[in-house]
Number of protein chains: 2
Amino acid sequence: MTKSATLASEAYGRLRSDIIDGAIKPGAKLKIRTICDQYGIGASPVREALNRLASEGLLDHRDQRGFRVHSVTLQDLDELILARCWANEVGLRNSIRSGGLAWEEGVTAALQRLEAIPRYLSDDTTERNPAWEQAHGAFHAALVAASGSSWINDFCTQLYVAAQRYRHAARTVPRAGRNEQDEHRAIAQAAIARRENEAVELLMEHFRLTARLVRAALRQDGM
Amino acid sequence: MTKSATLASEAYGRLRSDIIDGAIKPGAKLKIRTICDQYGIGASPVREALNRLASEGLLDHRDQRGFRVHSVTLQDLDELILARCWANEVGLRNSIRSGGLAWEEGVTAALQRLEAIPRYLSDDTTERNPAWEQAHGAFHAALVAASGSSWINDFCTQLYVAAQRYRHAARTVPRAGRNEQDEHRAIAQAAIARRENEAVELLMEHFRLTARLVRAALRQDGM
DNA sequence: CACAATCAAAAAATCGATATTTAAGTTGAC
DNA sequence: GTCAACTTAAATATCGATTTTTTGATTGTG
């Protein structure tokens, strides 16, 4: 399934998933020895994986004191959303201005794939569908793909990952009659039609709505 | 001087400096064994350092094929400047709007420190002064310190480091009657006086001017 | 009772050796 | 002469053991 060329990369992938999914809880300490035992991998590869994750902001690292999962707080959420809105606004505006046919096709294709996949595995919204999450990330990446700067694109995906962690950290996010599919379609249509301000506004609202729901859920969980 | 708690962090710091300074050339391959011999450090810490640097975009890494310094190209420079302008624009605008006394003091202090340090060690602009470079980075960080999002701040410093590498890669950057000190002071004054648009415009021009000089120098060096 | 100093267990960091993989150079067939 | 298959040297990746540091508990002291 996940066939990485090196054990370090495999450990990186698995840890990353576990952190994003919330299987490893925010604030939790990652003891190297424990991970080695669980994954059946030596310390060196695990260590490399942890170092990479720390550079990406998923983990905190202090010399001689090990690694722990970056904690989730309401303030961090605000800071995250701020950065996310900024990066995606820049990325989307530039893509709309200078994106060519390839960009349009990318957005359309990503949207179709997203709509073809069920959001949850079962009906009761408890079991997330990894395939959907994958397609969702690809959709948001496609929107800003023609930003003109790979730095911006990388930032967007990095922020997307961080945000995903928050969504999953909030145990019970109320769906509140929300229809994400409609939002996605509206954003994509406005973008491809080159209605810049409308597209940006829709996308920002998309982020802010998610943020509001997550914030409420976090408060309820006493955080 | 550079007293790191762990060998991995020390290797990270030294490699980072060498890469930014251009002592290790863009595109060069980093053989782990060689680094171990040079630094007198084992493979594990070196490996960790390399992994961190790769996550930050200073190195390229492919499984089983080692690490090499991310190459410098004219296109990459363009992409870098674009991202840098956007990130710093939003950082500065937010700081000017919501920055308090602490922010003002930070900018003022950083400027004073910068002006007190000579740009070059000798008169002929060949030998850069590390202390100045340090203060220069601190100044630019201070400008955006009150952006309201640590993500944005981190991105700005990351982009600053990447840009520094380009400045150093261009062997002979003509000074062309430029007075950086004046530029810095003008930017700081406009920012603190809350003249938002003026400050942003000055900062952007500051970046673009550097970019033009570097681009010209790179072309001359046949790149 | 608070506080410092000491000690022991746990965890992080590091090293040296080994196993795998890639890259390069050589040979041989067509 | 070209290209493929083989061989060898170099480099990456990994493991297991050792060293160093931190943490938490315990003990003794003011």
Side-chain angles (χ1 to χ4, degrees), chain A residues 1-20 22-72, chain B residues 1-19 22-71:
Chain A
M1 163 138 16
T2 309
K3 189 128 112 247
S4 293
T6 70
L7 294 181
S9 293
E10 186 186 324
Y12 167 79
R14 288 178 64 176
L15 281 168
R16 191 167 181 268
S17 298
D18 285 350
I19 293 168
I20 294 171
I24 306 176
K25 296 235 165 51
K29 173 147 199 202
L30 293 168
K31 296 181 209 175
I32 297 188
R33 183 65 196 282
T34 308
I35 300 172
C36 292
D37 293 346
Q38 283 184 340
Y39 289 7
I41 295 179
S44 307
V46 169
R47 226 151 198 310
E48 289 185 28
L50 293 174
N51 273 290
R52 292 187 212 173
L53 292 166
S55 295
E56 291 174 26
L58 251 45
L59 298 180
D60 290 329
H61 173 58
R62 289 174 58 200
D63 279 353
Q64 312 278 24
R65 301 203 183 171
F67 299 80
R68 47 180 63 238
V69 181
H70 195 285
S71 56
V72 307
Chain B
M1 173 108 232
T2 309
K3 197 141 93 219
S4 291
T6 71
L7 293 181
S9 293
E10 187 186 325
Y12 168 79
R14 288 178 64 176
L15 281 169
R16 191 168 182 269
S17 299
D18 285 350
I19 293 168
I24 305 177
K25 297 236 164 52
K29 173 145 200 203
L30 293 168
K31 294 181 207 175
I32 296 186
R33 183 64 195 283
T34 307
I35 300 173
C36 293
D37 293 346
Q38 283 184 341
Y39 290 7
I41 295 178
S44 307
V46 169
R47 222 147 204 313
E48 289 185 28
L50 293 174
N51 273 290
R52 292 188 211 173
L53 292 166
S55 294
E56 292 174 25
L58 251 45
L59 298 180
D60 290 328
H61 173 58
R62 289 175 59 198
D63 279 354
Q64 308 280 23
R65 297 199 190 175
F67 300 80
R68 48 180 62 240
V69 181
H70 195 284
S71 55

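Per chain, numbering begins at 1; letters A, B, ... match sequence-line order. This is a predicted model, so every value here is computed, not measured.
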Under the rule for side-chain contact (heavy atoms from CB on, under 4.5 Å), what residues qualify as partners of A8(A), not counting sequence neighbours? T6(A), P45(A), E48(A), R52(A)

Residues forming a side chain to side chain donor-acceptor pair (under 3.5 Å) with E56(A), sequence neighbours excluded: Y12(A)

Test ring pair (Phe, Tyr, Trp, His ring centres under 6.0 Å) applied to H61(B) - qualifying residues, sequence neighbours left out: F67(B)

Sorted by chain and residue number, the side chain to side chain donor-acceptor pair (under 3.5 Å) partners of D60(A) (sequence neighbours excluded) come out as none

Grab the CD1-P distance between I32(A) and dT22(D) for me, whole Å please. 15 Å

What contact category does L50(B) fall into here, base, sugar-phosphate, or nothing, at under 4.0 angstrom with non-hydrogen atoms? nothing

Pair R16(A)-I19(A), side chain to side chain contact (heavy atoms under 4.5 Å, CB included): steps then yes or no: CA-CA 5 Å; R16(A) 191 167 181 268; I19(A) 293 168; 5.9 Å; no

Return each pair, listed once, that meets salt bridge (Lys or Arg N to Asp or Glu O under 4.0 Å) where at least one residue sits in residues 25-37 of chain B; pairs must be two or more places apart or across chains. R33(B)-D37(B)

Expressed as a whole number of angstroms, how long is the span from F67(A):CZ to dA11(C):C1'? 12 Å

Sugar-phosphate, base or nothing in reach of I35(B), heavy atoms under 4.0 Å: nothing

Scoring nucleotides 14-23 of chain C by protein non-hydrogen atoms under 4.0 Å (B base, S sugar-phosphate only, - none) yields BB-----SSS

Tell me which residues in residues 51-61 of chain B put a heavy atom below 4.0 Å from DNA chain C, sorted by number, or none. none

Going by the ring pair (Phe, Tyr, Trp, His ring centres under 6.0 Å) test, which pairs reach into residues 28-57 of chain B, not counting sequence neighbours? none

For the side chain of T34(A) and the backbone of L30(A), is there at least one donor-acceptor N/O pair under 3.5 Å apart? no

Between atom CZ in R68(A) and atom P in dA12(C), what is the gap in whole Å? 10 Å

For R33(B) and dA9(D), give me the distance from atom CZ to atom P, rounded to whole Å. 16 Å

